[in-house]
Amino acid sequence: MKKMFLGVVLALTMFSCGGNVDVNGKIVDTYEKFSVEAEKLMNEIDKGSVEDKMKVLDRLEVLADSCSTVTKDLKESKEATGFKNAVIDVYSSMKADVIPTFKELVQIDETDESDANIDKYNKIIDKVNAANQKIDGLENKAIQEQRDFANAVNMKLQ
């Protein structure tokens, strides 16, 4: 199974620019924690019963909701709004695209080798790949938004 995250790490700031550094740092810290925990959860997907797998996906959904709420609650400058919203979009896509698709995938009967079940599996794998591509694109957008934010407030990123 393709790993959900490719280890994208948003850069941390090198020097202080007042509240902008705080917002950047909180967004980055929350996202890094999300990435680490989401990867741990995704590594558990292949273990246990369907019910166990669904519980893991439910925990991933709670994680995405929690990180989204933490990020939404930040009071950012107007320059940071694009960055903040781009990261929230990643969490939202996890909840709306990735998790439901994986819930479909884990419910496939692995013992059923009928053509219909194989077709169903292949269609879900296509949806998994599309969801992963969407996440990759949203992560790239968040990185670009962070660069734009840093440039707008003359903040250097490492």
Side-chain angles (χ1 to χ4, degrees), residues 1-48 50-106 124-158:
M1 184 180 298
K2 179 181 173 189
K3 284 199 175 187
M4 189 70 51
F5 296 98
L6 302 174
V8 175
V9 178
L10 300 174
L12 297 173
T13 57
M14 290 175 55
F15 65 92
S16 178
C17 293
N20 288 318
V21 169
D22 293 340
V23 168
N24 183 72
K26 288 176 184 173
I27 292 172
V28 169
D29 185 53
T30 302
Y31 187 78
E32 286 177 342
K33 289 176 183 174
F34 171 79
S35 295
V36 168
E37 291 304 312
E39 185 171 355
K40 286 179 189 175
L41 290 170
M42 292 308 294
N43 288 334
E44 292 180 28
I45 287 293
D46 291 330
K47 302 173 186 165
V50 171
E51 293 78 22
D52 293 336
K53 294 171 184 180
M54 295 296 278
K55 287 178 186 175
V56 169
L57 291 166
D58 288 343
R59 289 182 6 228
L60 183 58
E61 188 170 351
V62 168
L63 176 66
D65 280 339
S66 175
C67 292
S68 181
T69 298
V70 167
T71 304
K72 283 178 185 174
D73 288 347
L74 292 174
K75 304 295 181 219
E76 81 280 1
S77 65
K78 69 178 183 167
E79 295 86 358
T81 300
F83 174 44
K84 174 182 164 178
N85 290 339
V87 174
I88 291 169
D89 288 345
V90 174
Y91 302 135
S92 297
S93 183
M94 282 295 295
K95 186 173 177 182
D97 302 312
V98 174
I99 294 168
T101 303
F102 272 89
K103 284 184 176 183
E104 287 181 61
L105 182 63
V106 302
I124 294 172
I125 289 299
D126 288 343
K127 289 170 69 175
V128 167
N129 290 335
N132 285 335
Q133 288 175 349
K134 183 174 180 180
I135 289 290
D136 289 344
L138 290 170
E139 288 175 332
N140 290 336
K141 180 181 177 195
I143 290 168
Q144 185 57 53
E145 288 287 346
Q146 185 189 30
R147 286 184 189 125
D148 294 347
F149 162 51
N151 287 337
V153 296
N154 296 318
M155 181 172 52
K156 289 191 178 187
L157 302 175
Q158 60 180 10

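Along the sequence shown, residues carry numbers from 1. Below, all heavy atoms of this structure are taken into account, side chains as well, without hydrogens, waters or symmetry copies.
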Atom [atom1] in [X], atom [atom2] in [Y]: separation rounded to 0.5 Å?
X: Glu37; Y: Leu63; atom1: CD; atom2: CG; result: 6.5 Å
X: Ile45; Y: Met54; atom1: CD1; atom2: CE; result: 9.5 Å
X: Ile88; Y: Ser93; atom1: CD1; atom2: OG; result: 13.5 Å
X: Met94; Y: Leu57; atom1: CE; atom2: CG; result: 9.0 Å
X: Glu44; Y: Leu60; atom1: CD; atom2: CG; result: 10.5 Å
X: Asp89; Y: Asn85; atom1: CG; atom2: CG; result: 6.5 Å

Please answer whether the main-chain N or O of [Y] pairs with a side-chain N or O of [X] as donor and acceptor at a distance below 3.5 Å.
X: Thr71; Y: Cys67; answer: yes
X: Thr30; Y: Lys26; answer: yes
X: Lys134; Y: Asp97; answer: no
X: Ser68; Y: Ala64; answer: no

**OP:** Start with the C-alpha gap between Val128 and Asn132, add the side-chain angles, then the distance that decides, and say whether side-chain contact (heavy atoms from CB on, under 4.5 Å) holds.
**Re:** CA-CA 6 Å; Val128 167; Asn132 285 335; 3.7 Å; yes
Original post:
Considering the options Asn24, Asp29, Val23, which one meets the side-chain contact (heavy atoms from CB on, under 4.5 Å) requirement together with Ile27?
Top reply: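 It is Val23; the other options fail the test.
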**OP:** For the pair Asp58 and Lys103, find out whether any cationic side-chain nitrogen is under 4.0 Å from an anionic carboxylate oxygen.
**Re:** yes
Original post:
Do Asp52 and Lys47 sit within salt-bridge range, that is, some charged N less than 4.0 Å from a carboxylate O?
Top reply: no
Within-4.5 Å side-chain heavy-atom neighbours: [X] and [Y]:
X: Tyr31; Y: Val90; answer: yes
X: Met42; Y: Phe102; answer: yes
X: Glu139; Y: Asp136; answer: yes
X: Phe83; Y: Val28; answer: yes

Subject >> Modelled atom types, side-chain donor and acceptor of Gln144 and Asp148, under 3.5 Å >> reply: yes
Of all the heavy-atom pairs spanning [X] and [Y], show the shortest one and how long it is.
X: Ala86; Y: Ala142; result: CB-CA, 3.6 Å
X: Ala152; Y: Glu79; result: CB-CG, 3.9 Å
X: Val106; Y: Val50; result: O-CG2, 3.5 Å

